[in-house]
Amino acid sequence: MSNPTDKRRILVIDDSEAIHTDFRRILNPEQRRGRDDLDLLEEALFGPTPSRGNTSAEPEFEVESAFQGQEGVAKVREALASGRPYTLVFLDYRMPPGWNGAETLRRLREFAPSLNVVLCSAYSDYSWTEIFQEFGEHQTLRELRKPFNGQEVRQLALTLSTPKDTSPPPG
């Protein structure tokens with residue numbers, strides 16, 4: 001079992017419990033393995049499969065939840081203070097009755113300006129031009145439309161939670 005400090009920490013800020021469940025299933029697929037009837041049948045027919053353990057090249061994710069913007073901001077502050085910051089936040093645009101995604105992002109940028117954030121929504125409350133005019137930093141801000149594709153979520157998580165390279169850009 002891996003050390004929890006080795007995992008890439010991700011925070012999902014969304015008012016829907018189902019969305020949190022989806023992110024956990026996508027980002028931690030091994031957590032659901034072994035509970036599947038098909039896996040049990042495969043083991044009965046072919047014998048136990050060798051444990052993959054942590055030999056996989058793919059990183060593991062520690063996915064945490066916040067159901068409103070205020071709660072998410074508090075969790076990001078706590079994570080920074082404890083020395084275990086999040087590497088990525090998936091942030092919903094709409095979270096009634098509290099702050100929307102834009103207000104939450106404003107608050108996050110006050111104390112975590114380089115935190116990678118993926119804005120998620122089925123609605124387009126703001127154009128990307130408006131978002132980038134206010135927040136800039138194209139490298140730390142992305143958009144993901146709902147309903148989202150699991151492969152796209154996983155790829156964003158892998159890419160945006162990778163430690164930043166400080167070498168100069170090629171060319």
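Since the structure is predicted, the reported quantities are computational estimates derived from the model, not experimental observations.
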Answer yes or no: is there a side-chain heavy-atom contact under 4.5 Å between Val89 and Val118?
-> no
Any chance you could measure Thr104, atom OG1, to Gln70, atom CD, to the nearest 0.5 Å?
-> 6.5 Å
Show the numbers, then the answer: is there a side chain to side chain contact (heavy atoms under 4.5 Å, CB included) between Phe90 and Leu119?
-> CA-CA 6 Å; Phe90 285 97; Leu119 289 168; over 6 Å; no
Glu143 versus Tyr93: any side-chain heavy-atom pair under 4.5 Å?
-> yes
Side chain to side chain contact (heavy atoms under 4.5 Å, CB included) evaluation trace for Ile13 with Asp92 = CA-CA 6 Å; Ile13 306 173; Asp92 190 16; over 6 Å; no
Residue pair Asn28 / Phe61, side-chain heavy-atom distance below 4.5 Å | yes
State plainly whether the residues Arg94 and Asp15 are in salt-bridge range, i.e. N to O under 4.0 Å.
-> no
Side-chain heavy-atom pair Ser65, Glu71 within 4.5 angstrom cut-off | no
Yes or no on side chain to side chain contact (heavy atoms under 4.5 Å, CB included) for Arg77 and Phe111, after CA distance, side-chain angles and deciding distance?
-> CA-CA 8 Å; Arg77 281 187 191 277; Phe111 63 93; 3.4 Å; yes
Look at Arg154 together with Glu152 and state whether they make a salt bridge at an N to O cut-off of under 4.0 Å.
-> no
Smallest separation among heavy atoms of Arg8 and Leu158, with atom names = NH1-O, 3.0 Å
Quick one: does Phe148's side chain get under 4.5 Å of Asp22's, heavy atoms only?
-> yes
Check the surroundings of atom CD in Glu110: do more than 12 heavy atoms from other residues, nucleotides or ligands lie under 6.0 Å from it?
-> yes
Kindly compute the distance separating CG (Leu115) from CG (Leu80), expressed to the nearest 0.5 Å.
-> 7.5 Å
Could you give me the CA-CA distance, side-chain angles and deciding distance for Thr140 and Arg109, then say whether side chain to side chain donor-acceptor pair (under 3.5 Å) is met?
-> CA-CA 11 Å; Thr140 63; Arg109 289 295 191 235; 3.2 Å; yes
Charged N to carboxylate O under 4.0 angstrom, Glu103 versus Arg106?
-> yes
Which atom names give the shortest non-hydrogen contact between Leu27 and Ala157, and what distance separates them?
-> CD2-CB, 3.5 Å
Report the C-alpha separation of Arg9 and Ser161 in whole Å, then their side-chain angles, then the decisive distance to 0.1 Å, and conclude whether the side chain to side chain donor-acceptor pair (under 3.5 Å) test is met.
-> CA-CA 8 Å; Arg9 297 189 74 214; Ser161 68; over 6 Å; no
Using the side chain to side chain contact (heavy atoms under 4.5 Å, CB included) rule, take Val76 and Leu11 through it: C-alpha gap first, then chi angles, then the decisive distance, then the call.
-> CA-CA 8 Å; Val76 171; Leu11 179 63; 3.7 Å; yes
In terms of heavy-atom contacts, Gly98 and Gln68 come closest through N-OE1, 3.1 Å
Are side-chain heavy atoms of Tyr86 and Glu64 found at a separation under 4.5 Å?
-> yes
Salt-bridge present (Glu62, Arg84; N to O < 4.0 Å) = yes
Go through the steps for Thr159 and Gln155 under the test side chain to side chain donor-acceptor pair (under 3.5 Å), then give the verdict.
-> CA-CA 6 Å; Thr159 302; Gln155 188 59 48; 3.0 Å; yes
Is Phe67 reachable from Val12 through a run of hydrophobic residues whose side-chain heavy atoms are each under 4.5 Å from the next?
-> no
Heavy atoms, side chains only, cut-off 4.5 Å: are His20 and Asp14 in contact?
-> yes
For the residue pair Lys146 and Cys120, establish whether any side-chain heavy-atom pair is separated by less than 4.5 Å.
-> yes
Spatial distance of atom CG (Leu108) from atom CG (Leu91) [nearest 0.5 Å] | 7.0 Å
